[in-house]
Novice: 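Right, I'll just put the structure down here and ask away after.
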Amino acid sequence: MGRWEPNARGRLEQAAMELYGERGYEQTTVTEIAARAGLTERTFFRHYADKREVLFGGSALLQELLVDTLAEAPATAAPIDAVAAALRAAAAVFDERREQSQRRQKVVSANAELRERELVKLASLSAALAESLRTRGVSEPAASLAGDAGIAVFRVAFEGWIEGADDRPMGAYIEEALDGLKAMMAGGGA
């Protein structure tokens with residue numbers, strides 16, 4: 001591919017995922033990613049701060065989707081219901097990227113540094129949800145609890161969806177995790 005062809009970011013992501021799968025994350029260099037994509041290292045660094053960000057570059061868009069959807073929830077919605085609406089919106093986006101999500105998660109799971117980075121990103125999402133709830137007038141500790149619970153639901157659902165042998169959409173896993181949370185809060189479900 002020539003350097004002038006469009007979708008440099010997508011090409012870099014694809015090249016990185018291929019190389020991470022073939023060689024492993026730690027053994028792959030930015031130079032190799034750029035070369036595989038038919039681009040320069042300079043182009044790589046215009047799109048990503050480092051090779052980790054290829055795996056986490058979509059987190060800002062995910063946060064924006066979650067926060068925007070939560071903000072659009074009815075004013076009368078309970079905090080956890082507003083968070084649930086945001087999670088459902090995110091699930092629909094993930095369903096379009098199941099194969100990419102599975103490959104990404106395999107790379108992240110195999111590397112302690114990346115697992116730690118994933119936890120930091122999830123904590124940022126939780127904080128953003130809590131802040132959005134506070135903006136809606138939800139007081140503490142309810143805002144933080146709902147944000148943390150929402151990300152716990154997301155994490156459990158995501159892991160089930162990634163590992164699932166069936167073709168159920170991620171939204172089904174979100175609903176199961178939400179039902180489990182509600183049952184636990186009601187004193188049921190061991």
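Keep in mind that the numbers below use all heavy atoms, side chains included, and drop hydrogens, waters and symmetry copies.
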Novice: Whether the side chain of Asp95 engages the backbone of Met170 through a donor-acceptor N/O pair (distance < 3.5 Å, no angle test) should be reported.
Specialist: yes
Novice: Do Phe94 and Val67 sit in one hydrophobic cluster, given that two such residues count as connected whenever their side-chain heavy atoms are within less than 4.5 Å of each other, even indirectly?
Specialist: no
Novice: Determine, using ring centers only, whether Tyr173 and Phe158 are less than 6.0 Å apart.
Specialist: no
Novice: For Glu99, does the CD atom sit with more than 12 other heavy atoms under 6.0 Å from it, leaving out its own atoms?
Specialist: no
Novice: Salt bridge check: are Arg103 and Glu13 linked by an N-O gap of less than 4.0 Å?
Specialist: no
Novice: Is it true that a side-chain atom of Ser132 and a backbone atom of Ala128 form a donor plus acceptor pair closer than 3.5 Å?
Specialist: no
Novice: Would you find a donor on one side and an acceptor on the other, under 3.5 Å apart, between the side chain of Arg136 and the backbone of Ala73?
Specialist: yes
Novice: Indicate the atoms forming the closest heavy-atom contact of Leu12 with Ala37, along with that distance.
Specialist: CD2-CB, 3.9 Å
Novice: Working to the nearest 0.5 Å, report the span between CD1 of Ile80 and CG of Leu181.
Specialist: 5.5 Å
Novice: With the side chain counted from C-beta on, respond yes when Leu87 and Val153 share a heavy-atom pair under 4.5 Å apart, and no when they do not.
Specialist: yes
Novice: Which heavy atom of Thr69 sits nearest a heavy atom of Ala89, and at what distance?
Specialist: OG1-CB, 3.6 Å
Novice: Glu140 and Ser144: side-chain donor and acceptor closer than 3.5 Å?
Specialist: yes
Novice: When hydrophobic residues are tied together by side-chain contacts of less than 4.5 Å, even through go-betweens, does Ile33 share a cluster with Phe45?
Specialist: yes
Novice: Please report the C-alpha distance between Phe154 and Leu122 in whole Å, then the side-chain angles of each, then the deciding distance to 0.1 Å, and finally whether the side-chain contact (heavy atoms from CB on, under 4.5 Å) criterion is met.
Specialist: CA-CA 9 Å; Phe154 174 82; Leu122 290 172; 4.1 Å; yes
Novice: Please determine whether the number of non-hydrogen atoms from other residues, nucleotides or ligands lying under 6.0 Å from atom CD of Glu113 exceeds 12.
Specialist: yes
Novice: Do the side chains of Phe44 and Thr31 get nearer than 4.5 Å, heavy atoms only?
Specialist: no
Novice: Any salt bridge between Glu118 and Arg115, counting N to O under 4.0 Å?
Specialist: no
Novice: Count the heavy atoms belonging to other residues, nucleotides or ligands that lie under 6.0 Å from CG of Asp166, then report whether that count exceeds 12.
Specialist: yes
Novice: Do you know which two heavy atoms are closest between Leu125 and Ser59, and how far apart they sit?
Specialist: CD2-O, 4.2 Å
Novice: Does the distance from a Lys or Arg side-chain N to an Asp or Glu carboxylate O, for Glu163 and Arg98, drop under 4.0 Å?
Specialist: no
Novice: Quick one: does any side-chain atom of Ser101 pair with a main-chain N or O of Arg97 as donor and acceptor, under 3.5 Å?
Specialist: yes
Novice: Could you tell me whether the side chain of Arg11 reaches within less than 4.5 Å of the side chain of His47, counting heavy atoms only?
Specialist: no
Novice: Is it the case that the side chain of Ser126 and the backbone of Asp148 share a donor-acceptor pair, with hydrogens and angles ignored and the cut-off at 3.5 Å?
Specialist: yes
Novice: State plainly whether one hydrophobic cluster holds both Val108 and Val156, where clusters connect Ile, Leu, Val, Met, Phe, Trp and Tyr through side-chain heavy atoms under 4.5 angstrom apart.
Specialist: no
Novice: Within the distance-only criterion (no hydrogens, no angle test), does the side chain of Thr43 pair as donor or acceptor with the backbone N or O of Leu39 below 3.5 angstrom?
Specialist: no
Novice: Could you go through Arg168 and Glu176, starting from their C-alpha distance and side-chain angles, then the distance that decides it, and tell me whether this counts as side-chain contact (heavy atoms from CB on, under 4.5 Å)?
Specialist: CA-CA 12 Å; Arg168 289 186 306 149; Glu176 285 177 5; 2.4 Å; yes
Novice: Evaluate salt bridge (charged side-chain N to carboxylate O under 4.0 Å, His left out) for Glu175 paired with Arg88, printing each intermediate quantity in order.
Specialist: CA-CA 8 Å; Glu175 295 306 325; Arg88 289 179 187 110; 2.4 Å; yes
Novice: If hydrophobic clusters are built from ILVMFWY residues whose side chains come within less than 4.5 Å, do Val120 and Val54 share one?
Specialist: no
Novice: Looking only at atom types and distance, does a side-chain atom of Lys51 sit under 3.5 Å from a main-chain N or O of Thr28, one as donor and one as acceptor?
Specialist: yes
Novice: Test the Arg9-Tyr48 pair against the cation-pi criterion, namely NZ or CZ under 6.0 angstrom from the six-membered ring centroid and within 45° of the ring axis.
Specialist: yes
Novice: Roughly how far, to the nearest 0.5 Å, is the CG atom of Asp179 from the CE atom of Met184?
Specialist: 12.5 Å
Novice: Let me see the working for Leu129 and Leu66 under side-chain contact (heavy atoms from CB on, under 4.5 Å), right down to the final yes or no.
Specialist: CA-CA 7 Å; Leu129 289 172; Leu66 290 170; 4.0 Å; yes
Novice: Which distance, rounded to the nearest 0.5 Å, do you find between the CG of Asp81 and the NZ of Lys182?
Specialist: 5.5 Å
Novice: Do Val93 and Leu62 have side-chain heavy atoms sitting under 4.5 Å apart?
Specialist: no
Novice: Verify, without hydrogens or angle tests, whether Lys121 (side chain) and Ala60 (backbone) share a donor-acceptor contact under 3.5 angstrom.
Specialist: no
Novice: Please determine whether side-chain contact (heavy atoms from CB on, under 4.5 Å) holds for the pair Gln27 and Glu32, giving the CA-CA distance in whole Å, both sets of side-chain angles, and the decisive distance to 0.1 Å.
Specialist: CA-CA 10 Å; Gln27 290 73 31; Glu32 292 166 332; over 6 Å; no
Novice: What about Leu178 and Leu65, same hydrophobic cluster or not, with Ile/Leu/Val/Met/Phe/Trp/Tyr joined at side-chain heavy-atom distances under 4.5 Å?
Specialist: no
Novice: Answer yes or no for Arg104 and Phe56: cation-pi contact, defined as NZ/CZ to six-membered ring centre under 6.0 Å and angle to ring axis within 45°.
Specialist: yes
